[in-house]
Amino acid sequence: MGAVEHWLHVREEPRAFPKEFVDSVFNVSRRFFDFAHAAEDGIACKQSDVALRGYIEPFGENTDPGKTKDLKECFDIGPERPTPEGPFFGSNQWPQPCPSFPS
């Protein structure tokens, strides 16, 4: 089992998403995480101000301050906003040139 299949959590109701859609999400995720880290650093979450959108490197986040940093690599996105509106609300950072991601 690959890292994407092992760690990517897709929350869904039974039959809420067609299998083809879920497969395409996994494929795009694989392509993104196969990028060189230099490309990922260009869209680092820390560059997104209060929106907290973008790439987070392994051990780059700690969701439980009472424990060690999280062993995960992730890419945070959310509803698109033209300007930062507060924590977790703002524009997304998209990797370039990654097919299937918005430009």
Side-chain angles (χ1 to χ4, degrees):
M1 177 181 292
V4 171
E5 289 88 357
H6 186 71
W7 294 106
L8 182 64
H9 299 284
V10 178
R11 293 181 159 245
E12 61 178 275
E13 294 295 318
R15 297 180 293 277
F17 298 104
K19 180 181 180 336
E20 295 80 20
F21 174 76
V22 174
D23 290 346
S24 73
V25 169
F26 276 96
N27 288 332
V28 169
S29 297
R30 276 188 205 96
R31 283 198 306 272
F32 172 75
F33 288 108
D34 285 343
F35 271 8
H37 283 276
E40 294 163 347
D41 290 343
I43 54 167
C45 189
K46 59 189 169 200
Q47 297 178 157
S48 71
D49 196 25
V50 298
L52 301 172
R53 307 281 176 84
Y55 172 73
I56 299 173
E57 70 280 355
F59 299 110
E61 186 173 65
N62 186 359
T63 55
D64 183 350
K67 297 184 179 177
T68 186
K69 292 185 177 184
D70 299 342
L71 175 58
K72 67 178 178 188
E73 180 178 31
C74 61
F75 184 63
D76 289 341
I77 60 173
E80 189 68 48
R81 302 283 196 274
T83 58
E85 297 176 11
F88 308 107
F89 294 95
S91 10
N92 293 304
Q93 300 186 87
W94 297 110
Q96 298 299 323
C98 186
S100 302
F101 276 70
S103 339

* Phe59 versus Asp70: any side-chain heavy-atom pair under 4.5 Å? ->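 Heavy-atom side-chain distance check fails, nothing below 4.5 Å.
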* Asked: Side chains of Ser91 and Glu80: does their closest heavy-atom pair fall under 4.5 Å?
  ->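 Result yes, sub-4.5 Å side-chain heavy-atom pair found.
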How many angstroms lie between atom [atom1] of [X] and atom [atom2] of [Y], to the nearest 0.5 angstrom?
X     : Y     : atom1 : atom2 : result
Gln93 : Phe75 : CD    : CZ    : 7.5 Å
Leu52 : Phe88 : CG    : CZ    : 5.0 Å
Asn62 : Thr68 : CG    : OG1   : 7.0 Å
Asp49 : Thr83 : CG    : OG1   : 10.5 Å

For [X] and [Y], which heavy atoms make the closest approach, and how far apart are they?
X     : Y     : value
Pro79 : Asn92 : C-ND2, 4.4 Å
Ala51 : Gly90 : CB-CA, 3.8 Å
Arg53 : Ser48 : N-OG, 2.8 Å

* **Path from Ile43 to Trp94 over hydrophobic side-chain contacts below 4.5 Å** =>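 Same hydrophobic cluster.
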* Asked: Same hydrophobic cluster for Phe26 and Phe21, using side-chain heavy-atom links shorter than 4.5 Å among ILVMFWY?
  ->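 Yes.
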* Heavy atoms from other residues, nucleotides or ligands near NZ of Lys69 exceed 12 (cutoff 6.0 Å) ->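 Result for NZ/Lys69: open.
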